[in-house]
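See structure below.
What's counted below: heavy atoms across the whole structure, side chains too, no hydrogens, waters or symmetry copies.
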Amino acid sequence: MLKQYLQFKLSQKLSPQQIQLMKLIQLPTQAFEQRLKQELEENPALEGGKEENDSDYDSDLDNTDDLNDSETINAEDINIDEYLSDDEIPDYRTQVNNYSSDDEEKTMPYAAGTSFTQHLINQLNTYRLSDEERDIAEFLVGSVDESGYIRRELSDIMDDLAFTQNVYTTEENINKVLKIVHQLDPAGVGARNLQECLSIQLHRKDKTSATDLAINIIDNAFDQFTKKHYKKLLQKFDISETQLKDAIHEIEHLNPKPGGSYAGNNRIVEHVVPDFAIKIVDGELELTLNGRNAPDLHVSREYNNMLKGYKEAKDKSKSQKDAVIFIKQKLDAAKWFIEAIKQRQQTLFVTMSAIMHYQSEYFLTGDERNLKPMILKDIADEINMDVSTVSRVANSKYVDTPYGTKLIKEFFSESMKNDQGEDVSTREIKKILETVIEEESKKKPLTDETLASILKEKGYPIARRTVAKYREQLDIPVARLRKKI
């Protein structure tokens, strides 16, 4: 027996324009400028700069009857006056105190110099190598990642050399050439792992008793060293604490990422451009939106004149009709983009203003312990916007404060109850946890259990596993790895 079911499904779909607006809101200042540049290049009906006043410009065209006769454009009726009125050709950018005057350089800076790979290849040119050895060496150098490591197995490299370079060789030959790569600068480049990277650097240092011991530790007791089993190291090598300290001092001054020390790798140098600025003026908080988010835009006068010419033409050809449809599409896109930027500005300013007032005690003092518990929904409810919109503003924007430039999402945190039953920010607890660990004895670091007890004494009753979670979020290792001799 067949049964029929009638199912009603209510779904909300965002229009393409709404999706584009959400994407615009998410963009930080520099990315927004790139998006603006792209729109100006792609839409000739959109122009930057202020609209010049023109006394001869006639926008009072009221007669649209000729668009409703037998020659009506098939795409849809177009009310040309809607595009020709002064109100729809805005002198865009409302100059009020909400915008900062920001005239700094807008180009994206790049690091100068040759690439990291080319830097290594240039050094290879100083070695006497056979054609096969040079091919292998250049392939190895090309396999070095940004940290300076070659993380692939030699067998895989051997296969790739055969398939992509037509070089048939053995793992033994590759390993021989790899030893040459290990002689290149910066020291440690081309290592397969951290142990090999540190060992290469130590072998290139001047020989002393401390470096000899350091080499011995890295080559023969690396696991015990990384786990800070200092007592086992003292017993294994029959040395004093002073000798071990000197050897560890040598190791701690090595570079675990030799590739990162080379400035000429031509990667983009990211400069954070604050999207907002908060200042304290006469004891009051003052918020401004970076002026680069409020560009001068207007609809092209030339495109409006094209519409005017079409309207005044008595005989309208098919090519003119096709052109006016194209013009309408571009004008619609230009008008929408200008309106979307207005909405973006308003959304950014309203959201950040709500955050500033919610966390006013922190912004007036700079003390992170004054950060109130705040989640996205708190701000969303206050400004009557969706949580996802607040998230888009918080996750990608920076604010310049009297205490430095901060990522906005850092002001958000969950709440917990203290022993007084009051809501406190988890950031406040993390700050106290960080301070306690900084002040601990490094010879006997505090365990998570002990840290939980100390926080409880301070009025924050949290479990050991919660302490461990916060410690990991702060990128602080366990007690054993914080130990120093």
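A donor-acceptor pair under 3.5 Å links the side-chain atoms of Ser396 to the main chain of Gln26, judged by distance alone.
For the pair Cys197 and Pro258, the minimum side-chain heavy-atom distance is below 4.5 Å.
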Open item on the list: Please determine whether side-chain hydrogen bond (donor to acceptor under 3.5 Å, both in side chains) holds for the pair Gln38 and Glu42, giving the CA-CA distance in whole Å, both sets of side-chain angles, and the decisive distance to 0.1 Å.
Closed with: CA-CA 6 Å; Gln38 178 187 352; Glu42 292 178 356; 3.1 Å; yes
Open item on the list: The test is side-chain contact (heavy atoms from CB on, under 4.5 Å); show your working for Ile476 and Tyr470 and say whether it passes.
Closed with: CA-CA 9 Å; Ile476 297 174; Tyr470 290 169; over 6 Å; no
TODO: Begin from the C-alpha positions of Ile174 and Leu161 and carry the test side-chain contact (heavy atoms from CB on, under 4.5 Å) through to its verdict.
DONE: CA-CA 10 Å; Ile174 295 173; Leu161 277 165; 3.9 Å; yes
Open item on the list: Please determine whether side-chain contact (heavy atoms from CB on, under 4.5 Å) holds for the pair Ile408 and Tyr398, giving the CA-CA distance in whole Å, both sets of side-chain angles, and the decisive distance to 0.1 Å.
Closed with: CA-CA 6 Å; Ile408 294 170; Tyr398 288 83; 5.9 Å; no
Open item on the list: Go through it in stages, so that I can follow the logic: the residues are Leu407 and Glu410, the test is side-chain contact (heavy atoms from CB on, under 4.5 Å), and I'd like the CA-CA distance, side-chain angles, deciding distance and then a yes or no.
Closed with: CA-CA 6 Å; Leu407 184 61; Glu410 293 178 358; 3.9 Å; yes
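Taking the charged nitrogens against the carboxylate oxygens, Lys335 and Glu339 have no contact shorter than 4.0 Å, which rules out a salt bridge. A salt bridge is defined here as a Lys NZ or Arg NE, NH1 or NH2 lying under 4.0 Å from an Asp or Glu carboxylate O, and Lys377 with Asp381 meets this definition. Ion pairing between a basic and an acidic side chain is recognised when a charged N comes within 4.0 Å of a carboxylate O; Arg292 and Glu33 show such pairing. With respect to the salt-bridge test (charged N to carboxylate O, under 4.0 angstrom), the residues Arg192 and Glu196 qualify.
With sequence neighbours left out, Asp400 forms a side-chain contact (heavy atoms from CB on, under 4.5 Å) with Pro274, Ala277, Thr405.
Aromatic ring centroids of Tyr358 and Phe412 lie 6.0 Å or more apart.
Ring geometry for Phe411 against Tyr362 counts as tilted: the plane angle lies between 30° and 60°, on a 0 to 90° scale.
The environment of Glu153 atom CD is sparse: at most 12 non-hydrogen atoms of other residues, nucleotides or ligands sit within 6.0 angstrom.
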